[in-house]
Amino acid sequence: MKNKKIIIITFGAVLFAIVTYLTFTLLNNDKNDVTVKEKTAITKSGGNTQVETSVIEIDEQREETIEEEFPNDTSEYAIQDAIHGMSHQKVIAEEKWGFLPLTQERVKRLIEVVEMNESKYIHASTYLRILERWENNDFTQADKDHNAVWKLQGGTIGKASGVLSLDEEKAFIKKHFNIKAKAVTSESN
């Protein structure tokens, strides 16, 4: 009788684990459709020295407009969440929750929204500093950018410890986004 209870409890736990895993996998399998291209960007480093680097540029195939995704009255927390989610494409961290393709369209729209709400957002200057660097394809401080927003959100797990290499970023994109097309050629900024 005791063995029968153990078998039933074990079977129930295993069945629960399988159902939970399948549900989580199926519900979280709606990856964003993106096109990817590698390009050469010229960024400013230290003083006014220009540095040429390779960056990955993503274009997202959207179902809603960028203005619908981030309306003029977007909350400050939603801005933080967007920056945090986009930063995951660029940073090394033990844990990453939330993935949002880092696109120039999204960065530009977030800059517009933050500028419109500068007097309402407590940390507007932090967001603008990050987003303006990203608008100029400067991701050299993406780990620090991630951690600044992560701290504002009360982060305790998943602190960024560095910036991904180009190959690591490509692997991240392949894992978390549905690549529809890949540009063959590189282009300059």
Side-chain angles (χ1 to χ4, degrees), residues 23-37 39 41 43-44 55-91 93 95-160 163-164 169 172-183 187 189:
T23 301
F24 180 77
T25 302
L26 293 173
L27 290 177
N28 287 317
N29 201 18
D30 75 9
K31 296 178 178 181
N32 297 58
D33 291 342
V34 299
T35 57
V36 178
K37 79 175 142 189
K39 72 179 218 174
T43 59
K44 290 187 178 174
V55 294
I56 294 176
E57 188 171 275
I58 291 182
D59 287 318
E60 186 176 17
Q61 297 172 6
R62 323 180 121 270
E63 292 182 17
E64 65 180 347
T65 66
I66 195 73
E67 292 79 14
E68 290 170 325
E69 182 180 12
F70 298 107
N72 293 346
D73 63 349
T74 299
S75 72
E76 183 164 5
Y77 186 81
I79 297 294
Q80 291 174 0
D81 214 33
I83 293 170
H84 187 204
M86 290 189 299
S87 73
H88 288 158
Q89 179 181 321
K90 299 286 183 184
V91 302
E95 297 283 337
K96 296 179 185 181
W97 298 311
F99 311 107
L100 191 61
L102 199 166
T103 66
Q104 282 299 310
E105 179 186 32
R106 189 169 276 121
V107 168
K108 287 176 179 161
R109 177 59 183 165
L110 289 172
I111 290 171
E112 289 173 6
V113 172
V114 172
E115 286 174 343
M116 278 184 245
N117 294 285
E118 208 162 347
S119 62
K120 282 182 10 185
Y121 294 166
I122 296 168
H123 303 287
S125 62
T126 299
Y127 313 140
L128 287 173
R129 223 176 16 257
I130 292 168
L131 293 166
E132 287 168 355
R133 259 195 314 275
W134 292 2
E135 182 182 33
N136 291 312
N137 291 308
D138 180 359
F139 303 104
T140 56
Q141 299 179 52
D143 54 341
K144 292 172 185 65
D145 298 338
H146 169 277
N147 292 342
V149 173
W150 174 80
K151 284 177 190 169
L152 292 175
Q153 294 183 310
T156 57
I157 298 172
K159 183 176 183 177
V163 177
L164 294 172
E169 183 179 354
F172 176 90
I173 291 167
K174 187 175 181 180
K175 179 178 179 182
H176 295 284
F177 307 128
N178 187 24
I179 301 173
K180 288 294 189 181
K182 202 175 198 176
E187 66 179 48
N189 217 17

- Could you walk me through whether E112 and N72 pass the side-chain contact (heavy atoms from CB on, under 4.5 Å) check? CA-CA 8 Å; E112 289 173 6; N72 293 346; over 6 Å; no

- Item | Check against side-chain contact (heavy atoms from CB on, under 4.5 Å), Y77 and Q153 | CA-CA 8 Å; Y77 186 81; Q153 294 183 310; 3.5 Å; yes

- Assess whether side-chain contact (heavy atoms from CB on, under 4.5 Å) is satisfied between Q80 and Y127, documenting all intermediate values. CA-CA 8 Å; Q80 291 174 0; Y127 313 140; 2.8 Å; yes

- Going through the distances and angles, do I157 and W97 end up as a side-chain contact (heavy atoms from CB on, under 4.5 Å)? CA-CA 10 Å; I157 298 172; W97 298 311; 4.0 Å; yes

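Between Q89 and E169, the side chains place a donor N or O and an acceptor N or O closer than 3.5 Å (distance only, hydrogens not considered).
The shortest non-hydrogen separation linking E118 to L128 is OE2-CD1, 3.7 Å. Scanning both residues, F177 and L100, for their nearest heavy atoms gives CZ-C, 3.9 Å. Looking at every heavy atom in both residues, A93 comes nearest to G158 through CB-O, 3.5 Å.
Atoms CH2 and CG, from W134 and D138 in turn, are 11.0 Å apart once rounded to the nearest 0.5 Å. Rounding to the nearest 0.5 angstrom, the gap separating the CZ atom in F139 from the CD1 atom in I130 is 12.0 Å. The distance from atom CG of D145 to atom CE of M86, rounded to the nearest 0.5 Å, is 10.5 Å. Here the CD1 atom belonging to I56 is positioned 11.0 Å from the CG atom belonging to L102, to the nearest 0.5 angstrom. Here the CG atom belonging to L131 is positioned 7.5 Å from the CD1 atom belonging to I79, to the nearest 0.5 angstrom. Of the inter-residue distances, the one linking E132 atom CD with I111 atom CD1 reads 5.5 Å to the nearest 0.5 angstrom.
Between the side chain of E57 and the backbone N or O of T103 there is no donor-acceptor pair closer than 3.5 Å. Without hydrogens or angle criteria, R106 side chain to P101 main chain gives a donor-acceptor distance under 3.5 Å. Between the side chain of N117 and the main chain of V113, a donor-acceptor pair closer than 3.5 Å is present. A donor-acceptor pair under 3.5 Å links the side-chain atoms of E76 to the main chain of H123, judged by distance alone. Distance alone, capped at 3.5 Å, places no donor-acceptor pair between the K90 side chain and the A142 backbone.
Using a 4.5 Å heavy-atom cutoff, the side chains of R129 and S125 are in contact.
Using a cutoff of 4.0 Å between basic side-chain nitrogens and carboxylate oxygens, R62 and E69 are scored as salt-bridged.
Within a 6.0 Å radius of NZ in K96, more than 12 heavy atoms belonging to other residues, nucleotides or ligands are found.
In this structure A160 satisfies the side chain to side chain contact (heavy atoms under 4.5 Å, CB included) test together with V91, D143, H146, N147, sequence neighbours excluded. With sequence neighbours excluded, the residues forming a ring pair (Phe, Tyr, Trp, His ring centres under 6.0 Å) with F172 are F99, H176, listed by chain and number. Shown here are the side chain to side chain contact (heavy atoms under 4.5 Å, CB included) partners of E68, two or more places apart in sequence or in another chain: E64, T65.
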